[in-house]
Number of protein chains: 2
Amino acid sequence: MTAPGEAARRKPARRPTIKDIARRAGVSESAVSFALNDRPGVSQDTRARVRRVAEELGWQANSAARALSGERAGAMGLVLARPAQTLGVESFFLQLVSGIQEVLSARQIALLLQVVEDLDTECALYRRWWAERRVDGVLVVDPRTDDPRPELLAALGLPAVVVGGPAAPGPDPAEPSAGEPSATEPATAEPSATEPAATPPHPLLSTVWADDAKAMARILDHLYGLGHRRIVHIAGLPGLAHTARRIQSLRTEADRRGLDRRQVHSVTTDYSDAEGAEATRRLLDAARPPTAIVYDNDVMAVAGASVAAERGIPVPGALSIVAWDDSALCRVTHPRLTALVRDTPGFGRLAAQELLAVLDGGPLRTVQGELPHLEARESTAMPPPG
Amino acid sequence: MTAPGEAARRKPARRPTIKDIARRAGVSESAVSFALNDRPGVSQDTRARVRRVAEELGWQANSAARALSGERAGAMGLVLARPAQTLGVESFFLQLVSGIQEVLSARQIALLLQVVEDLDTECALYRRWWAERRVDGVLVVDPRTDDPRPELLAALGLPAVVVGGPAAPGPDPAEPSAGEPSATEPATAEPSATEPAATPPHPLLSTVWADDAKAMARILDHLYGLGHRRIVHIAGLPGLAHTARRIQSLRTEADRRGLDRRQVHSVTTDYSDAEGAEATRRLLDAARPPTAIVYDNDVMAVAGASVAAERGIPVPGALSIVAWDDSALCRVTHPRLTALVRDTPGFGRLAAQELLAVLDGGPLRTVQGELPHLEARESTAMPPPG
DNA sequence: TTGTAAGCGTTATCAA
DNA sequence: TTGATAACGCTTACAA
């Protein structure tokens with residue numbers, strides 16, 4: 001054993017190449033390549049021998065060489081365009097990433113993760129990745145209502161899957177827009193009966209999404225069933241596609257039940273605890289405050305509950321609270337929060353699978369994730385009389 | 001504009017190569033390479049022309065080709081060995097990653113992030129990355145008290161930096177050296193099994209860490225100053241290096257103040273809200289329950305506060321609570337939690353810088369991050385009389 | 001069933 | 001100051 005300091009510094013052991021294997025197995029390099037890649041053209045005997053030698057030497061294909069010779073880069077990219085402060089608050093991303101990798105790593109595909117400040121930087125990064133041939137495809141998260149990324153990626157020919165729903169706004173009753181011809185094959189997404197035919201979520205890229213409309217309907221079923229008639233939705237960033245979809249769904253659900261749109265509506269925030277609390281304060285100060293509030297993430301929900309506590313407003317006695325997205329937070333507060341539970345790692349797995357399908361030349365399509373369910377806990381109950 | 005469906009599928013535009021540039025600028029490929037890499041050997045005139053053409057064509061070096069021709073892979077790796085469920089709860093990692101990338105992306109270096117189940121898989125992954133030449137270096141997080149990774153990485157010759165502190169127990173208080181932002185050169189120091197205290201933090205790899213001992217001292221200063229004499233530390237995973245350091249520091253600080261070790265001690269958990277709550281319950285059930293509890297993360301602290309609330313134990317009236325690591329959680333609960341605030345993105349930046357330094361042949365050393373400060377909020381106060 | 005050789009896009013080593 | 005030319009490790013026609 002050499003001295004530790006030296007060990008860290010000594011020349012890395014030479015990595016074995018197929019040439020080494022060829023020499024040692026007494027065959028040509030191409031035979032080795034064929035044998036190792038499960039291609040026909042080598043005898044079972046040779047194949048076995050080559051395999052054994054490769055194993056002995058601990059050979060792994062040099063990813064650069066493989067990528068260079070026209071093969072794939074063996075990596076996918078994921079860009080997070082969020083200001084650094086808002087990163088930590090949500091458990092969503094790491095769970096998503098963990099699901100994505102469960103699928104990718106099974107195929108020996110790496111994931112490049114990059115955190116950037118804004119959408120322009122994100123687009124620039126896609127261009128660079130494409131030019132550098134660094135990734136075989138990307139997963140686009142946080143789709144916006146007006147999103148430049150799908151067009152860019154389609155133009156570059158960089159395979160991509162939109163994660164988290166159609167970038168285009170959800171079906172709007174005002175816009176009968178079923179006319180667009182496209183190669184889209186909605187896998188499961190069948191627009192609900194009361195609405196006109198939906199625009200294919202995104203004509204340019206395959207999409208994996210959750211049905212926010214149905215989820216919102218579930219939440220409203222729960223609250224309406226309890227007797228709530230004044231329900232406010234404290235949403236997240238206004239530019240995000242799923243925010244738009246949720247807001248739209250709330251309207252639809254309110255109309256369906258004949259609820260007053262002034263008493264059932266949405267307000268947008270930046271997802272932070274600060275804005276969540278602020279919005280809650282404003283609502284509670286109103287002449288006729290809501291009896292139930294639906295928050296678009298867990299942090300805001302907890303912040304809202306805290307505001308209620310400050311003012312001595314009992315939850316759920318005088319105010320019911322629902323969190324869209326569950327996490328440890330919802331379970332540690334007092335009372336524990338009723339939450340919309342999603343299988344986020346599962347969603348990540350689905351997205352990764354779809355990306356692989358696109359790479360394999362699969363059709364452009366829209367896939368829906370598992371419908372989330374509402375976990376009723378202690379923060380929702382019947383509204384106070386009146 | 002072609003039909004959308006087609007756009008997504010059409011052959012990617014060909015990426016420009018230096019050959020294209022050479023042809024267009026009327027020079028040789030090697031001249032282009034020299035010009036683009038700021039190497040001497042081309043006239044100012046040629047250099048400028050080449051640059052301009054490259055710009056026009058939107059050329060970016062093909063990362064695979066560059067890596068293959070002996071250069072670096074242009075990527076660093078970060079492996080997270082944690083069960084999927086415990087991933088989301090902490091805001092720590094995404095913030096760390098965001099700091100790391102601030103430094104890496106300035107140098108056009110990508111970050112490979114991989115989430116795995118256990119340490120064995122992590123080690124296997126390092127081997128693969130090394131064999132594939134996929135990364136130029138790695139950042140090792142969650143160092144353990146008995147950690148196989150540094151030895152493996154040193155043996156592979158894969159540059160690495162340990163993030164989050166020495167894997168060995170921290171330097172004993174007898175040695176006042178640990179204070180300064182020091183850079184030790186342990187290359188010559190042979191670790192001796194008989195004197196663990198004198199062991200340099202890590203003889204094999206450069207290390208970036210936070211001074212948990214001083215941080216714990218600050219927390220104890222605060223609590224002791226308020227009058228607390230029964231203080232329990234609900235720590236995280238027992239195998240982690242920083243857990244060991246914190247436990248050790250608590251002992252040291254208790255001894256220094258002549259406190260009873262039975263009344264000032266640590267218990268370990270898995271960081272989950274469930275175990276945090278459970279440990280809290282057990283403590284509060286004791287004959288002489290603690291008057292203050294220090295939690296090793298924010299989630300457990302909130303869970304603990306919730307347990308106190310359940311039992312009608314006023315915080316901070318009858319129980320003071322401190323969270324090690326701040327987050328939105330600590331600010332949205334009621335009362336807001338006193339927390340140890342660290343600059344996590346800054347820590348990530350430091351780690352990335354150190355890794356770059358190691359790659360540039362810098363010395364093996366130990367760097368200390370900024371000392372965290374205690375943000376006193378509403379969850380700590382004087383203990384009840386008696 | 002095998003081996004030879006060309007090519008992927010760079011960088012690096014030579015002569016010119 | 002230049003321009004051929006040979007690596008780098010792998011895949012893949014094309015020949016044998």
Side-chain angles (χ1 to χ4, degrees), chain A residues 12-51 53-54 57-75 108 128-134 136, chain B residues 12-51 53-54 57-75 108 128-134 136:
Chain A
R14 212 174 68 77
R15 297 162 178 83
T17 71
I18 51 169
K19 197 175 282 177
D20 297 319
I21 300 176
R23 193 168 26 229
R24 195 140 154 185
V27 294
S28 75
E29 289 180 47
S30 52
V32 173
S33 178
F34 282 130
L36 259 22
N37 289 309
D38 273 327
R39 271 187 173 40
V42 277
S43 64
Q44 280 308 317
D45 191 47
T46 316
R47 192 183 299 276
R49 196 167 67 250
V50 166
R51 284 252 173 87
V53 173
L57 264 46
W59 177 88
Q60 291 281 121
N62 177 318
S63 58
R66 191 166 259 177
L68 185 55
S69 70
E71 285 290 280
R72 292 169 174 179
Q108 306 246 59
R128 216 180 72 208
W129 277 352
W130 169 80
E132 292 180 345
R133 260 197 164 86
R134 221 183 238 287
D136 299 317
Chain B
R14 212 174 67 76
R15 298 162 177 84
T17 72
I18 51 169
K19 199 175 280 175
D20 298 319
I21 300 176
R23 192 167 28 229
R24 195 138 153 188
V27 293
S28 74
E29 288 180 46
S30 46
V32 172
S33 178
F34 280 131
L36 258 24
N37 290 307
D38 273 328
R39 270 185 175 38
V42 277
S43 63
Q44 280 308 317
D45 192 46
T46 314
R47 193 183 300 275
R49 195 166 68 250
V50 167
R51 284 253 173 87
V53 173
L57 265 47
W59 175 88
Q60 291 281 122
N62 178 318
S63 58
R66 191 167 258 178
L68 185 55
S69 72
E71 286 288 280
R72 292 169 173 179
Q108 307 244 60
R128 215 180 73 209
W129 277 353
W130 169 81
E132 292 181 345
R133 260 197 164 87
R134 221 183 239 286
D136 299 317

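Values reported hereafter were calculated over all heavy atoms of this structure, with side chains retained and with hydrogens, waters and symmetry mates removed. Chain letters run A, B, ... following the sequence lines, proteins first, then strands; residues in each count from 1.
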Quick one: [atom1] on [X] to [atom2] on [Y], what's the gap to the nearest 0.5 Å?
{"X": "A:R133", "Y": "A:R72", "atom1": "CZ", "atom2": "CZ", "result": "12.5 Å"}
{"X": "B:Q60", "Y": "A:R134", "atom1": "CD", "atom2": "CZ", "result": "10.0 Å"}
{"X": "A:S63", "Y": "B:L68", "atom1": "OG", "atom2": "CG", "result": "9.5 Å"}
{"X": "A:I18", "Y": "A:L57", "atom1": "CD1", "atom2": "CG", "result": "12.5 Å"}
{"X": "A:Q44", "Y": "A:R49", "atom1": "CD", "atom2": "CZ", "result": "12.5 Å"}

Item checked: Closest-nucleotide ordering on DNA chain C, the 5'-leading residue of A:P40 and B:W59 ->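 The 5'-side residue here is A:P40.
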
Notebook entry, point to check: Is any side-chain nitrogen or oxygen of B:S30 closer than 4.0 Å to OP1 or OP2 of C:dT11?
Noted result: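 No, B:S30 has no side-chain N/O under 4.0 Å of OP1/OP2 on C:dT11.
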
Next item on the list: Examine distances only and state if a side-chain atom of A:R15 and a backbone atom of B:E132 form a donor-acceptor pair shorter than 3.5 Å.
Entry: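 No, the answer is negative, given that no donor and acceptor are paired below the 3.5 Å cut-off.
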
Note to self: Let me spell it out: for each of B:V27 and A:S33, pick the nucleotide of DNA chain D with the closest heavy atom. Which residue's pick is nearer the 5' end?
What the structure shows: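 Looking at the nearest nucleotide for each, B:V27 comes out on the 5' side.
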
Nearest whole angstrom, please: distance from the [atom2] of [N] to the [atom1] of [X].
{"X": "A:R134", "N": "C:dT10", "atom1": "CZ", "atom2": "P", "value": "13 Å"}
{"X": "A:E132", "N": "C:dT11", "atom1": "CD", "atom2": "P", "value": "12 Å"}
{"X": "A:R66", "N": "C:dG9", "atom1": "CZ", "atom2": "C1'", "value": "18 Å"}
{"X": "A:R23", "N": "C:dG3", "atom1": "CZ", "atom2": "C1'", "value": "16 Å"}
{"X": "B:I18", "N": "C:dT10", "atom1": "CD1", "atom2": "C1'", "value": "6 Å"}
{"X": "A:L36", "N": "C:dT2", "atom1": "CG", "atom2": "C1'", "value": "16 Å"}
{"X": "B:N37", "N": "C:dT10", "atom1": "CG", "atom2": "P", "value": "10 Å"}
{"X": "A:F34", "N": "C:dT1", "atom1": "CZ", "atom2": "P", "value": "12 Å"}

Check: At under 4.0 Å between heavy atoms, what does B:T17 touch on the DNA or RNA strands: base, sugar-phosphate, or nothing?
Finding: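 Sugar-phosphate contact only.
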
Item checked: SB check A:R51 A:D38 (cutoff 4.0 Å) ->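 Looking at A:R51 and A:D38, the cut-off is met.
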
Next item on the list: Between C:dT2, C:dC8, C:dG3, spot the one nearest the side chain of A:S69, thanks.
Entry: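 My answer, after comparing the listed nucleotides, is C:dC8.
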
Next item on the list: Measure from the side chain of B:R39, starting at C-beta and using heavy atoms only, and say which of C:dA12, C:dT11, C:dG3 lies closest.
Entry: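 Nearest to the side chain of B:R39 among the choices is C:dA12.
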
Margin query: Using a 4.0 Å cut-off to any heavy atom of chain A, which nucleotides of DNA chain D are the first and last in contact, reading 5' to 3'?
Written below: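 The contact span of chain A on DNA chain D goes from D:dG9 to D:dT12.
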
Check: Where do B:V50 and B:V53 land on the side-chain contact (heavy atoms from CB on, under 4.5 Å) test, with the steps shown first?
Finding: CA-CA 5 Å; B:V50 167; B:V53 173; 5.9 Å; no

Next item on the list: Just report the end-to-end axis angle for the helix from C:dT1-D:dA16 to C:dA16-D:dT1, five pairs per end, to 10 degrees.
Entry: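 For the helix from C:dT1-D:dA16 to C:dA16-D:dT1, the axes at opposite ends meet at about 50°.
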
Checklist line | A:N37, A:L36, A:V42 screened by side-chain contact (heavy atoms from CB on, under 4.5 Å) with A:R39, the one that passes | finding: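 It is A:N37; the other options fail the test.
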
